[in-house]
Amino acid sequence: MSKLRLKISMSLDGFVAGPNQSVDNPLGIGGMRLHEWAFALAIFRDEHGMAGGEVNESTRVIEESLANIGATVMGRNMFGGHPGGWNPKKPWDGWWGTNPPFHHPVFVLTHHEREPLELEGGTTFIFVTDGIESALEQARRAAGGKDVSLAGGAKAAQQYLAAGLVDEMVISLVPTLLGSGERLFESIGDDLHGLQLVRTVAAPQVTHLKFAKR
């Protein structure tokens with residue numbers, strides 16, 4: 001069976017997003033600092049249609065995270081937009097423009113029904129209202145034997161971790177403090193459900209911790 005692989009950046013005090021998330025500030029106050037280590041990388045820039053960039057120890061980590069992925073699951077907050085039901089007059093189509101960097105089906109956990117959103121480059125957002133197991137089952141079918149990426153945010157990650165459904169997890173630990181916001185391990189107790197630390201990669205501005213089930 002294909003694996004469910006979580007990748008996420010986290011502050012030293014355990015937050016994966018800052019406080020006061022909004023359409024204008026999607027990662028919350030200070031949340032952008034969690035991803036600055038990636039912005040200058042050539043592989044990140046190429047994925048987002050930009051030229052240039054550098055190569056360092058983080059490059060291999062990102063290459064591995066993108067390899068053999070056939071579908072993605074994410075929470076409503078990561079997809080973004082206003083809370084509550086979808087606005088049919090001004091629909092929210094995500095943060096990524098008309099050609100998102102996924103290039104495969106993306107399953108969005110939500111409480112509000114919506115028709116699939118097909119964009120350029122092979123990305124289609126499918127909105128799932130019947131829970132995390134259904135989203136994962138649909139994603140695995142769509143992935144066609146490849147793995148499924150769990151992109152976040154915190155609440156989606158918490159649900160899959162608590163259910164023991166995550167097969168691999170890469171935490172990119174950033175040496176900064178956010179003080180408040182969304183914690184990755186909020187309310188899931190002290191059980192990693194079989195995930196064990198299998199690799200540590202030190203890179204500029206970040207340390208990557210890989211966990212896997214054995």
Side-chain angles (χ1 to χ4, degrees), residues 1-11 13-22 26-28 31 34-35 65 69-86 92 94-96 100 102 104-114 116-117 123-143 146-173 178 180-198 209-214:
M1 183 180 293
S2 66
K3 296 177 181 179
L4 179 63
R5 294 158 48 190
L6 168 63
K7 58 176 181 178
I8 201 161
S9 291
M10 186 175 77
S11 67
D13 49 351
F15 296 100
V16 295
N20 301 320
Q21 296 176 72
S22 66
L27 297 177
L34 299 178
H35 305 277
S65 75
I69 296 295
T72 291
V73 173
M74 67 173 59
R76 164 70 184 272
N77 282 352
M78 181 167 179
F79 181 74
H82 49 82
W86 305 103
W92 176 261
W95 305 106
W96 303 277
F102 302 100
H104 56 232
V106 179
F107 295 83
V108 180
L109 298 163
T110 177
H111 296 295
H112 304 280
E113 292 185 0
R114 180 174 174 178
L117 172 64
T123 299
T124 298
F125 292 99
I126 299 99
F127 301 91
V128 181
T129 59
D130 54 349
I132 63 171
E133 290 87 356
S134 175
L136 179 56
E137 181 182 350
Q138 293 180 58
R140 281 184 164 143
R141 286 201 303 266
K146 293 184 177 181
D147 292 339
V148 176
S149 174
L150 176 54
K155 289 183 173 60
Q158 289 161 10
Q159 292 179 72
Y160 281 103
L161 285 166
L165 295 171
V166 177
D167 299 295
E168 292 184 3
M169 173 173 66
V170 176
I171 297 176
S172 296
L173 189 62
L178 295 185
S180 63
E182 295 274 356
R183 287 188 187 275
L184 176 59
F185 296 112
E186 190 74 40
S187 302
I188 70 164
D190 61 355
D191 187 358
L192 283 176
H193 297 281
L195 291 168
Q196 300 180 37
L197 182 66
V198 296
L209 307 175
K210 181 177 180 178
F211 298 78
K213 287 183 177 178
R214 290 180 167 176

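Quick caveat: nothing in here was measured; it's all calculated off a predicted structure. Residue numbers count from 1 along this sequence.
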Next item on the list: Before giving the answer on side-chain hydrogen bond (donor to acceptor under 3.5 Å, both in side chains), spell out for His111 and Thr129 the whole-Å C-alpha distance, their side-chain angles and the decisive distance to 0.1 Å.
Entry: CA-CA 5 Å; His111 296 295; Thr129 59; over 6 Å; no
Next item on the list: Give the C-alpha distance, both sets of side-chain angles, the deciding distance and a yes or no for side chain to side chain contact (heavy atoms under 4.5 Å, CB included) between Leu197 and Leu209.
Entry: CA-CA 7 Å; Leu197 182 66; Leu209 307 175; 4.0 Å; yes
Checklist line | Intermediate values then yes/no, ring pair (Phe, Tyr, Trp, His ring centres under 6.0 Å), Trp95 and Phe79 | finding: CA-CA 7 Å; Trp95 305 106; Phe79 181 74; 8.7 Å; no
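No hydrogens or angles considered: a donor-acceptor pair under 3.5 Å links the side chains of Thr72 and His104.
With hydrogens and angles disregarded, a donor-acceptor distance shorter than 3.5 Å links the side chain of Gln158 to the backbone of Arg183. Side-chain atoms of His35 do not come within 3.5 Å of backbone N or O of Ser9 as any donor-acceptor pair. Remark: the backbone N or O of Thr110 is not paired with any side-chain donor or acceptor of His112 at under 3.5 angstrom. Under the 3.5 Å distance criterion, the side-chain polar atoms of Arg114 are left unmatched by any main-chain donor or acceptor of Ile126. With Arg140 contributing its side chain and Ser2 its backbone, the two residues share a donor-acceptor pair below 3.5 Å.
Each of Leu136, Ile132, Asn77 was scored for a side-chain contact (heavy atoms from CB on, under 4.5 Å) with Leu109, with one residue passing: Ile132. Test Lys7, Lys210, Glu168 against Ser65 for side-chain contact (heavy atoms from CB on, under 4.5 Å) and you get one pass: Lys7.
When all heavy atoms of Lys213 and Val166 are compared, the pair lying nearest together is CE-O, 3.1 Å. Across all their heavy atoms, Leu195 and Phe211 have their closest contact at CB-CB, 4.1 Å. Contact record, Thr123 with Pro100: OG1-O, 3.7 Å, taken as the closest heavy-atom pair. Contact between Trp86 and Gly80 at its shortest, heavy atoms only, is CZ3-O, 4.3 Å.
Geometrically, Arg76 does not engage Trp92 in a cation-pi contact defined by less than 6.0 Å to the ring centre and at most 45° from the axis.
Under 4.0 Å is where a charged nitrogen must lie from a carboxylate oxygen, and between Asp147 and Arg5 at least one such pair does.
Within a 6.0 Å radius of NZ in Lys155, other residues, nucleotides and ligands contribute 12 heavy atoms or fewer.
The CG atom of Leu150 lies 10.5 Å from the CG atom of Asp167; values are rounded to the nearest 0.5 Å. Taking CG of Asp191 as the reference point, atom CG of Leu161 lies at 10.0 Å (rounded to 0.5 Å). Atoms OG and CG, from Ser149 and Leu6 in turn, are 8.0 Å apart once rounded to the nearest 0.5 Å. For the atom pair CE of Met78 and CD1 of Ile8, the computed distance is 8.0 Å after rounding to the nearest 0.5 Å.
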